[in-house]
Amino acid sequence: MIAHRHPRSALLAMLLVIAWLPVGASDLLDLRGIEAIHGDVDAGKTKAAVCMGCHGPVGVSPVPTFPNLAGQHAEYLYWQLMELKREARPESPMTAQVAHLDDAAMRDLAVYFSSLPAAIPTQGTTSSVRGSQLYGEGDASAGIPPCQGCHGRNAEGHPLAQGDAHWRAYPVLRGQHAAYLAQRLKDFQNGKHTLSSNDRIMTPIAQTLDDASITALAAWLESPTR
Ligand code: HEC
Ligand code: HEC
């Protein structure tokens with residue numbers, strides 16, 4: 001895999017373009033003005049029975065390439081389901097899962113998985129120093145921005161998430177499986193996710209990372225280390 005590197009100025013220019021995209025200019029799913037997701041946790045629990053085989057009985061998945069959902073922001077989960085419904089990627093096991101979910105079911109599932117206690121990270125006892133450094137400070141020479149500005153100091157979510165639903169469409173990363181995180185970053189690099197305004201924020205950032213940086217970041221995020 002050849003890493004695409006953008007100078008920081010180019011990245012900032014791209015972010016500015018995103019910020020000024022006119023609403024309705026394309027099929028873009030514009031997540032800038034989203035509202036808080038409300039749903040029925042108990043109904044979500046019932047509907048979640050079919051999800052457990054892959055995402056675990058309490059939203060902590062037994063397979064490292066399947067994401068944990070427990071404790072994730074409901075807004076993030078809901079809009080991912082919405083995107084998966086629109087993307088219809090045949091290679092994703094999620095395509096068949098979301099096909100029959102209506103809007104109410106997606107809301108119920110999102111609030112249910114969000115209400116569950118997040119996975120307690122136990123992996124990665126030898127935490128990645130490079131990953132920690134990249135996460136906190138980025139790497140100006142490679143055009144990598146610090147991740148913490150958008151995902152929180154300890155990867156617990158955007159620092160303003162409690163106040164505004166918009167920031168809750170930015171995912172919590174702490175404790176997520178490294179294998180899943182690495183795959184997701186490579187998918188962003190390869191332009192697999194372009195449907196939403198948030199995809200267009202994360203795509204150019206992922207394209208600043210080389211394979212070694214991805215491995216280091218994923219290892220650090222999976223670990224309990226602060
Ligand atoms: C057959 C296995 C399987 C089943 C069953 C399944 N999922 Fe998934 N899910 C995955 C995989 C694999 C991914 C990784 C994303 C991809 O394919 O792009 C994923 C991704 C997701 C994501 C995105 C998470 C993120 O961090 O971006 C959500 C939300 C989700 N699943 C919810 C559900 C819900 C709700 C159900 C039940 C209705 C469900 N899944 C059933 C395998 C499964
Ligand atoms: C300018 C804000 C911003 C910065 C900086 C940023 N991200 Fe993101 N990131 C986002 C947004 C928004 C999303 C949600 C994209 C979507 O809706 O799929 C995201 C999604 C992700 C995901 C997908 C998580 C999942 O559960 O599927 C990963 C992994 C990720 N970011 C890692 C990183 C890493 C590593 C860095 C630092 C190199 C970083 N991000 C820097 C905004 C940012």
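The figures that follow rest on heavy atoms only: side chains count, while hydrogens, waters and symmetry mates do not. In each ligand, atom 1 is the first atom listed, and ligand 1 is the first ligand listed.
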### Task
Rounded to the nearest 0.5 Å, what's the gap from CD on Glu83 to CG on Leu31? Could you check?
7.0 Å
### Query
Is a side-chain N or O of Arg153 found less than 3.5 angstrom from the main chain of Gln148, in a donor-acceptor match?
no
### Message
Check whether Arg174 reaches the backbone of Asn154 with its side chain - one donor and one acceptor, N or O, closer than 3.5 Å.
### Response
yes
### Message
Would the distance check show the side chain of Lys85 and the main-chain N or O of Leu101 forming a donor-acceptor pair, the cut-off being under 3.5 Å?
### Response
yes
### Query
For ligand 1, is Tyr78 a contact, meaning one of its heavy atoms is under 4.0 Å away?
no
### Query
Heavy-atom contact under 4.0 Å between Lys47 and ligand 1?
no
## Note on the structure
Numbered in order shown, the ligand 1 atoms found under 4.0 Å of a heavy atom of Arg89 are 16 (C), 18 (O)
### Query
Under 4.0 Å from any heavy atom of Leu217, which atoms of ligand 2 are there?
35 (C)
### Task
Examine the proximity of ligand 2 to Thr208 and report which part, side chain or backbone, both or neither, has a heavy atom under 4.0 Å away.
neither
### Metal site atom 8 (Fe) of ligand 1, protein N/O/S atoms found under 2.8 Å
2
#### Entry: Heavy-atom nearest option to atom 6 (C) of ligand 2, drawn from His151, Gln148, His177
His151
### Query
Is a side-chain N or O of Asp199 found less than 3.5 angstrom from the main chain of Ser196, in a donor-acceptor match?
yes
### Best match, Leu209, Ile144, Asn198, Leu29: closest heavy atom to atom 11 (C) of ligand 2
Asn198
### Task
Measure the shortest side-chain to side-chain distance between Met106 and Leu77 over non-hydrogen atoms and say whether it is less than 4.5 angstrom.
no
### Query
Just distances here: any N/O of Tyr76 and N/O of ligand 1 closer than 3.5 Å?
yes
### Task
Within a distance under 4.0 Å of any heavy atom of Leu77, pick out the atoms of ligand 1 and give their elements.
29 (C)
### Task
For Glu87 and Leu195, indicate whether the former's side chain and the latter's backbone hold a donor-acceptor pair under 3.5 Å.
no
### Task
Could you check atom 25 (C) of ligand 1 against the protein and tell me its nearest heavy-atom contact, residue, atom and distance included?
Tyr180 OH, 3.2 Å
### Query
What part of Leu81 sits under 4.0 Å from ligand 1 if we count only heavy atoms: the side chain, the backbone, both or neither?
side chain
### Task
List every atom of ligand 2 that sits less than 4.0 Å from any heavy atom of Pro146, numbering the atoms from 1 in the order shown and giving each element.
5 (C)
### Query
Any non-hydrogen atom of Trp79 lying under 4.0 Å from ligand 2?
no
### Query
Crowded around Lys47 NZ? As in, over 12 foreign heavy atoms under 6.0 Å?
yes
### Ser128 side chain vs Ala219 backbone, donor-acceptor pair below 3.5 Å
no
### Message
If you measure every N or O of Gln72 against every N or O of ligand 1, does any of those distances drop under 3.5 Å?
### Response
no
### Query
So which of Gln80, Arg168, His166 actually passes side-chain hydrogen bond (donor to acceptor under 3.5 Å, both in side chains) with Glu75?
Arg168
### Message
As an exercise, identify every atom of ligand 2 less than 4.0 angstrom from a heavy atom of Ile205.
### Response
1 (C), 3 (C), 4 (C), 5 (C), 6 (C), 41 (C)
### Query
Measuring from the heavy atoms of Ala218, does anything fall under 4.0 Å of ligand 2?
no
### Message
For Tyr135, state whether at least one heavy atom is located under 4.0 Å from any atom of ligand 2.
### Response
no
### Message
One thing to verify: whether Arg130 and Asp139 come together as a salt bridge, which I'm taking to mean a side-chain N less than 4.0 angstrom from a carboxylate O.
### Response
yes
### Message
Give me the residue, atom name and distance of the protein heavy atom closest to atom 23 (C) of ligand 1.
### Response
Gln80 CB, 4.1 Å
### Query
Listed by chain and number, what are the salt bridge (Lys or Arg N to Asp or Glu O under 4.0 Å) partners of Arg107, not counting sequence neighbours?
Asp103
### Task
Provide the closest heavy-atom pair for Thr65 versus Ala179 in the form atom of the first, atom of the second, distance.
CG2-CB, 4.2 Å
### Task
Out of Met82, Met202, Glu83, indicate the one that has the non-hydrogen atom closest to atom 32 (C) of ligand 2.
Met202
### Message
Using heavy atoms and a 4.0 Å limit, tell me yes or no: is Gly149 in contact with ligand 2?
### Response
no
### Query
Around Arg86, counting heavy atoms of other residues, nucleotides and ligands shown, do more than 12 lie under 6.0 Å from its CZ?
no
### Query
Under 3.5 Å, N or O to N or O, is Asp199 touching ligand 2 that way?
yes
### Message
Below the 3.5 angstrom mark, is there an N/O of Gln176, backbone or side chain, next to an N/O of ligand 2?
### Response
no
### Message
Looking only at protein heavy atoms, which one is nearest to atom 17 (O) of ligand 1, and what is the separation?
### Response
Ser92 OG, 2.6 Å
### Task
Would you check the N or O atoms of His193, main chain and side chain alike, for any that come under 3.5 Å of an N or O of ligand 1?
no
### Message
Please work out, at 4.0 Å between heavy atoms, whether the side chain, the backbone, both, or neither of Leu31 comes within that distance of ligand 2.
### Response
neither
#### Entry: Donor-acceptor under 3.5 Å (Tyr170 side chain, Ala161 main chain)
no
### Task
Identify, by atom number and element, the atoms of ligand 2 in contact range of Leu181, meaning under 4.0 Å from any of its heavy atoms.
29 (C)
#### Entry: Option set Pro171, Cys150, Gly131, criterion heavy-atom distance to atom 3 (C) of ligand 2, minimum
Cys150
### Query
Is any side-chain heavy atom of Ile214 less than 4.5 Å from a side-chain heavy atom of Gln189?
yes
### Query
Checking Asp30 side chain against Arg32 main chain: does a donor-acceptor pair fall under 3.5 Å?
yes
### Message
Can you name the atoms of ligand 2, numbered from 1 with element, that are less than 4.0 Å from a heavy atom of Cys147?
### Response
34 (C), 35 (C), 36 (C), 37 (C), 38 (C), 39 (C), 41 (C)
#### Entry: His177 side chain to Glu222 backbone, donor-acceptor under 3.5 Å
no
### Query
Below 4.0 Å from any atom of ligand 1, is there a heavy atom belonging to Arg184?
yes
### Query
Just by distance, do the side chain of Asn68 and the backbone of Gly175 share a donor-acceptor pair under 3.5 Å?
yes
#### Entry: CD/Glu35: more than 12 non-hydrogen atoms of other groups inside 6.0 Å
no
